[in-house]
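For the numbers below, each heavy atom of this structure counts, side chains included, while hydrogens, waters and symmetry mates do not. If you read the sequence from its start, that first residue is 1, and numbering goes on from there.
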Amino acid sequence: MREYKSSAAALVKNAVFGVVGGAAAGFALGYVFGPAVGAVAGVVLVLAALYFTVYQDNITITLDGERLCVLRFGKKLAEFPLAAYRFEVGLQAQKMMGRAFGGTGCVLYVAKPGGKPQQLDCGMLGRKRFMELLQDLAGETGGGAAVKKDENAKGKAVGSIAEIPAETPPETDD
């Protein structure tokens, strides 16, 4: 069983952005509505940012030979049997603002054949761990190790892992 945990660097970066953003919003609101309102709003925003970073975004994904599980602090949030679901990759093209605010664009779409895809935001794993997950998932589902990146994806799935051939024939110059 392989385990992919949220990146500590991503958690710290998002916590810092949340604290700085909440404090800045508190100062701006304090300037407009008075110091009491600004202080309360700033504290609420900082606490909300820390809650979402530490609790909501801190996930672990496990992959064994039969299923992919999403956990938060050891509690199972979702389970996807590999044989019953299809997995699609969504590597979003990142613009300058996306990178500045910690977006990695690492998205895994999970759906039953013929069903509506469910989006799993794997951005907190970090790009390296996400690519490792894709490689292992491709091996478990019979797909190859290659993962395609589409710079024009803009949030759409760019290819099914199960449909990537195990061996890509070498390109020839004809």
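Residues meeting the salt bridge (charged side-chain N to carboxylate O under 4.0 Å, His left out) test with K76, sequence neighbours left out: E79. In this view, R2 and D136 satisfy the side chain to side chain donor-acceptor pair (under 3.5 Å) rule, not counting sequence neighbours. Judged as a side-chain contact (heavy atoms from CB on, under 4.5 Å), and not counting sequence neighbours, the contacts of L77 are V70, R72. For A49, the side-chain contact (heavy atoms from CB on, under 4.5 Å) criterion is met by no residue, not counting sequence neighbours. With sequence neighbours excluded, the residues that form a side-chain contact (heavy atoms from CB on, under 4.5 Å) with A15 are L50, T53. Every residue two or more places apart in sequence or in another chain that forms a salt bridge (charged side-chain N to carboxylate O under 4.0 Å, His left out) with K5 is listed here: E3. Applying the side-chain contact (heavy atoms from CB on, under 4.5 Å) criterion to L45, with sequence neighbours excluded, gives A25. By the ring-ring contact (aromatic ring centres under 6.0 Å, His included) test, Y4 pairs with no residue at all, sequence neighbours left out.
Linking ILVMFWY residues whenever their side-chain heavy atoms come closer than 4.5 Å, directly or via other members, leaves V46 and F17 in distinct clusters. Side-chain heavy atoms closer than 4.5 Å link hydrophobic residues (I, L, V, M, F, W, Y) into clusters, and following such links, even through other members, never connects M1 to L63. Hydrophobic clustering of Ile, Leu, Val, Met, Phe, Trp and Tyr side chains at less than 4.5 Å, counting indirect connections, keeps L71 apart from V110. No continuous path of ILVMFWY side-chain contacts below 4.5 Å connects I59 to V54, so the two sit in separate hydrophobic clusters. A single hydrophobic cluster is not seen to contain both V19 and F27; linkage of ILVMFWY side chains at heavy-atom distances under 4.5 Å, directly or through other members, places them apart.
Contact detail for C122 and F130: the closest heavy-atom pair is CB-CD1, 3.4 Å. Minimum interatomic distance between S6 and L11 (heavy atoms only, all atoms of both residues): CB-CD1, 4.1 Å. What you find for A111 and P117 is that their closest heavy atoms are CB-CA, 3.4 Å. Residues L68 and L82 come closest through the heavy atom pair N-CD2, 4.1 Å.
Here L47 is tied into one hydrophobic group with V43, each link being a pair of ILVMFWY side chains closer than 4.5 Å.
Each ring pair (Phe, Tyr, Trp, His ring centres under 6.0 Å) pair with one or both residues in residues 37-77, not counting sequence neighbours, appears once here: Y51-Y55, Y55-F73.
Residues M124 and S7 are not in side-chain contact: their nearest non-hydrogen atoms beyond the backbone lie 4.5 Å or more apart. Under the 4.5 Å side-chain criterion, counting only non-hydrogen atoms from C-beta, L108 is in contact with L134. The shortest side-chain heavy-atom distance between F80 and Q118 falls under the 4.5 Å cut-off.
Note: L120 CG to L125 CG = 10.0 Å, rounded to the nearest 0.5 Å.
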